[in-house]
Amino acid sequence: MTLVKFNNKTRNTAPYFNNVFDSLFSDALNKNHGVNKVPNVNIYEGANEYKIELAAPGLNKEDFKIDLKKDNLSVWAEKKVEADTQKDYTRKEFEYNSFARSFVLPEGVDADKISAEYTNGILYITIGKIDDAKQAHKEIVVS
């Protein structure tokens, strides 16, 4: 069962018929504009590293470019899509032609301990922490 919004003040002729179809078509069109083309991420902080999981199915590991400038980690992906004349889609949603995400890294990140792996549609980025950051924390006893 679907709830349909009615606004009988907008039209005088056949208000029920017009408003039902206006509501259905406007809701369907508005939902398409809100489709997010940037993949979602999960970020985890462990004792020795940070882990970023970026969901990007349908890509290959050659499609990604990861760059670190100062404290800004950027991830780009671009997939070359050839025109598929064999299939005539009614609706096609799962497609990333290109996207970019940036992450500002906190202090204490070791730039030499960054690695990335792409498996099962998820890009895993591991960012190591500097060992000195753990040793810098010291409890001081008040005498």
Side-chain angles (χ1 to χ4, degrees), residues 1-11 15-143:
M1 179 177 190
T2 303
L3 296 177
V4 180
K5 300 175 193 173
F6 291 103
N7 185 2
N8 290 332
K9 297 178 183 177
T10 58
R11 297 185 188 201
Y16 176 76
F17 182 79
N18 290 332
N19 286 330
V20 169
F21 285 101
D22 286 347
S23 176
L24 289 176
F25 287 120
S26 67
D27 287 347
L29 293 174
N30 288 337
K31 287 180 185 174
N32 286 339
H33 291 296
V35 173
N36 191 1
K37 295 292 184 183
V38 178
N40 295 327
V41 297
N42 295 330
I43 300 175
Y44 168 77
E45 181 179 0
N48 299 322
E49 75 257 346
Y50 297 97
K51 292 186 179 183
I52 299 174
E53 300 172 351
L54 189 132
L59 298 173
N60 298 320
K61 63 181 179 178
E62 294 83 19
D63 297 331
F64 292 99
K65 181 182 175 190
I66 303 172
D67 189 25
L68 177 67
K69 289 183 182 175
K70 294 186 181 180
D71 62 345
N72 194 1
L73 181 74
S74 299
V75 179
W76 291 279
E78 183 175 1
K79 184 168 180 125
K80 305 289 186 208
V81 179
E82 297 179 10
D84 191 3
T85 58
Q86 303 272 334
K87 298 178 184 176
D88 187 23
Y89 291 103
T90 303
R91 183 176 183 146
K92 188 173 179 181
E93 290 184 356
F94 60 96
E95 176 179 28
Y96 288 111
N97 289 332
S98 65
F99 67 84
R101 291 287 306 251
S102 293
F103 306 95
V104 177
L105 301 179
E107 293 181 16
V109 169
D110 190 354
D112 296 329
K113 293 183 182 177
I114 297 178
S115 63
E117 180 182 356
Y118 182 70
T119 55
N120 297 330
I122 299 177
L123 177 66
Y124 297 95
I125 302 173
T126 304
I127 305 164
K129 293 182 180 179
I130 297 175
D131 293 334
D132 297 335
K134 291 188 286 186
Q135 296 174 357
H137 180 72
K138 180 180 173 183
E139 185 176 341
I140 300 171
V141 179
V142 179
S143 55

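By convention here, the first residue in the shown sequence is residue 1. Note that the structure is a prediction, hence the values are computed from the model and not measured.
- Taken to the nearest 0.5 Å, the CD atom of Glu107 stands 9.5 Å off from the CD1 atom of Ile130.
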- Task: For side chain to side chain contact (heavy atoms under 4.5 Å, CB included), just list the numbers for Ile43 and Phe103, CA-CA rounded to whole Å, side-chain angles, deciding distance to a tenth of an Å, and then say yes or no.
- Result: CA-CA 10 Å; Ile43 300 175; Phe103 306 95; 4.2 Å; yes
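- The minimum heavy-atom distance between Ile114 and Asp110, with the atom names listed, is CG1-O, 3.9 Å.
- Exactly one of Ile52, Leu123, Val41, Leu73 qualifies for a side-chain contact (heavy atoms from CB on, under 4.5 Å) with Arg101. That residue is Val41.
- Here CG of Leu54 is found 8.5 Å from CD1 of Ile66. Values are rounded to the nearest 0.5 Å.
- Distance alone, capped at 3.5 Å, is enough to place a donor-acceptor pair between the Lys129 side chain and the Gly46 backbone.
- Nearest heavy-atom pair across Pro39 and Ala55 is CB-O, 2.7 Å.
- Considering OG1 of Thr119 and NZ of Lys61, their distance stands at 10.5 Å, rounded to 0.5 Å.
- Atom CD in Glu53 sits 10.5 Å away from atom CD1 in Ile125 (nearest 0.5 Å).
- Take Phe64 and apply the ring pair (Phe, Tyr, Trp, His ring centres under 6.0 Å) test, not counting sequence neighbours, and it matches Tyr118.
- Separation of atoms CG (Leu68) and CG (Asp112) is listed at 10.0 Å; rounding is to 0.5 Å.
- Considering OG of Ser98 and NZ of Lys65, their distance stands at 13.0 Å, rounded to 0.5 Å.
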